[in-house]
Amino acid sequence: DIVIPSSIALWDVLYNITKMDPHALKGIAHLHHSQQFESLRDLADYMKENIITMGEGTQEWRQMIHKYKGYTGEEAIIEKLQAEGHVVEVPGSGTQERYDAVVDGQPINIKITDNPAYIHEHLDKYPDIPVYTNKEMAGAFGDHPMVTVVQDVSAQDMFHETADTMEGIDGLGNFIDHIPLVTLVISTLKNTTRFVEGKKDLATACEH
């Protein structure tokens with residue numbers, strides 16, 4: 001009577017964790033840096049109590065995803081620049097005015113959008129700060145000297161990755177409070193060890 005419900009809840013926890021995107025989680029943590037999250041549980045509790053207060057699929061839900069997708073895209077572009085060997089400094093605040101990062105000494109702004117007007121607005125206000133943006137903006141800014149289009153980053157992809165992450169956080173919060181995290185750690189270590197020792201096959205170890 002105890003094992004079956006716990007197994008179902010554990011499966012739901014694992015399922016919802018796999019839906020989460022690292023860029024989206026880093027973006028959330030950066031935006032809400034003042035919360036100083038120490039764990040995924042802290043982040044999930046904060047988001048459920050303060051941000052995810054509407055039903056999935058509603059207009060309010062979509063507006064929330066559109067807001068947070070920008071921070072997901074920021075993390076994706078920053079990671080790409082770092083992988084290319086650039087020195088990237090990121091402000092502690094996720095709401096830094098004028099710029100989102102400093103790349104090789106140059107402040108840059110990152111815009112993840114389907115609307116060129118947001119980029120034009122920034123360039124009109126801060127003409128000396130270049131913009132990095134998603135591939136959908138290639139048609140509008142492909143030859144603009146102050147705009148870099150990052151072909152590997154899509155606004156649509158960032159939207160879906162952010163939505164999946166929010167859904168995972170929303171679902172995770174329904175179960176994580178009922179399962180002590182130490183139990184998850186112990187169970188994972190135990191079943192991983194038994195798989196490595198050949199005492200369980202992979203499917204059985206994952207199930208348990």
Side-chain angles (χ1 to χ4, degrees), residues 17 19-40 42-44 46-47 50-52 61-142 144-170:
I17 287 175
K19 295 179 70 174
M20 299 180 195
D21 178 75
H23 294 138
L25 291 175
K26 288 180 67 176
I28 291 170
H30 188 212
L31 174 60
H32 300 291
H33 68 285
S34 62
Q35 299 300 315
Q36 299 181 337
F37 302 121
E38 295 184 357
S39 67
L40 178 59
D42 287 347
L43 185 150
Y46 174 83
M47 293 298 289
N50 300 279
I51 306 300
I52 308 176
W61 172 271
R62 290 186 61 83
Q63 289 174 348
M64 176 188 67
I65 302 303
H66 275 296
K67 173 186 176 180
Y68 280 86
K69 84 173 190 301
Y71 297 97
T72 302
E74 281 184 19
E75 295 297 333
I77 288 179
I78 288 170
E79 183 180 273
K80 178 176 174 59
L81 290 170
Q82 290 172 330
E84 293 173 350
H86 297 282
V87 177
V88 182
E89 301 173 47
V90 181
S93 172
T95 56
Q96 171 72 36
E97 189 177 357
R98 298 175 59 244
Y99 66 93
D100 298 307
V102 178
V103 180
D104 301 329
Q106 169 66 58
I108 69 165
N109 189 279
I110 300 173
K111 298 290 187 190
I112 305 300
T113 182
D114 292 316
N115 188 348
Y118 290 115
I119 298 176
H120 283 300
E121 181 180 356
H122 166 83
L123 294 173
D124 288 343
K125 193 172 184 180
Y126 307 111
D128 59 330
I129 299 180
V131 173
Y132 281 64
T133 189
N134 46 278
K135 67 179 185 180
E136 288 87 351
M137 292 293 98
F141 298 100
H144 198 293
M146 295 297 289
V147 178
T148 298
V149 176
V150 182
Q151 292 295 335
D152 293 341
V153 175
S154 163
Q156 293 299 316
D157 290 345
M158 296 302 101
F159 180 91
H160 292 302
E161 289 173 11
T162 303
D164 287 345
T165 299
M166 292 298 187
E167 290 170 8
I169 290 172
D170 194 30

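Fair warning: this is a prediction, and the values are worked out from it, not measured in the lab.
With sequence neighbours excluded, the residues satisfying side chain to side chain contact (heavy atoms under 4.5 Å, CB included) with A138 are V149, Q151. Scored by the side chain to side chain contact (heavy atoms under 4.5 Å, CB included) test, S34 finds no partners at all (sequence neighbours excluded). S154 pairs by the side chain to side chain contact (heavy atoms under 4.5 Å, CB included) definition with K135, E136, Q156, D157, not counting sequence neighbours. Under the side chain to side chain contact (heavy atoms under 4.5 Å, CB included) criterion, D21 pairs with H23, A24, T72, E161, T165, not counting sequence neighbours. Residues meeting the side-chain hydrogen bond (donor to acceptor under 3.5 Å, both in side chains) test with H30, sequence neighbours left out: none.
Using a 4.5 Å heavy-atom cutoff, the side chains of N50 and H32 are not in contact. Side-chain contact between M137 and V147 is absent, with no heavy-atom pair separated by less than 4.5 Å. Under the 4.5 Å side-chain criterion, counting only non-hydrogen atoms from C-beta, M64 is in contact with I51. Taking the side chain as every heavy atom from C-beta outward, L31 and K67 approach each other to under 4.5 Å.
The stretch residues 84-103 participates, sequence neighbours left out, in these salt bridge (Lys or Arg N to Asp or Glu O under 4.0 Å) pairs: K80-E84. Within the structure, salt bridge (Lys or Arg N to Asp or Glu O under 4.0 Å) contacts touching residues 101-122 (residues at least two apart or in different chains) do not occur. The ring pair (Phe, Tyr, Trp, His ring centres under 6.0 Å) contacts involving residues 77-123 comprise H120-F141, H122-Y126, where partners must be two or more places apart or lie in separate chains.
Rounding to the nearest 0.5 Å places CD1 of I28 at 5.5 Å from CG of L43. Separation of atoms CD (E75) and CE (M158) is listed at 11.0 Å; rounding is to 0.5 Å. I169 CD1 to L40 CG: the interatomic distance, rounded to the nearest 0.5 Å, is 7.0 Å. In this structure, NE2 on H144 lies 5.0 Å from CG on L123, to the nearest 0.5 angstrom. Rounded to the nearest 0.5 angstrom, I129 CD1 and M146 CE are separated by 8.0 Å. Between atom CD1 of residue I77 and atom CD1 of residue I108 there is a gap of 7.5 Å, rounded to the nearest 0.5 Å.
Checked options I78, V150, I112; the residue passing with Y132 is V150 (criterion: side-chain contact (heavy atoms from CB on, under 4.5 Å)).
In this structure, P107 and P130 approach most closely via the heavy-atom pair O-CD, 3.4 Å. The two atoms that bring D124 and P127 nearest to each other are O-CD, 4.0 Å, heavy atoms only. The shortest non-hydrogen separation linking H33 to S93 is CE1-CA, 3.5 Å.
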task: Tell me, with the steps shown, if F37 and M47 meet side-chain contact (heavy atoms from CB on, under 4.5 Å).
output: CA-CA 11 Å; F37 302 121; M47 293 298 289; 5.6 Å; no
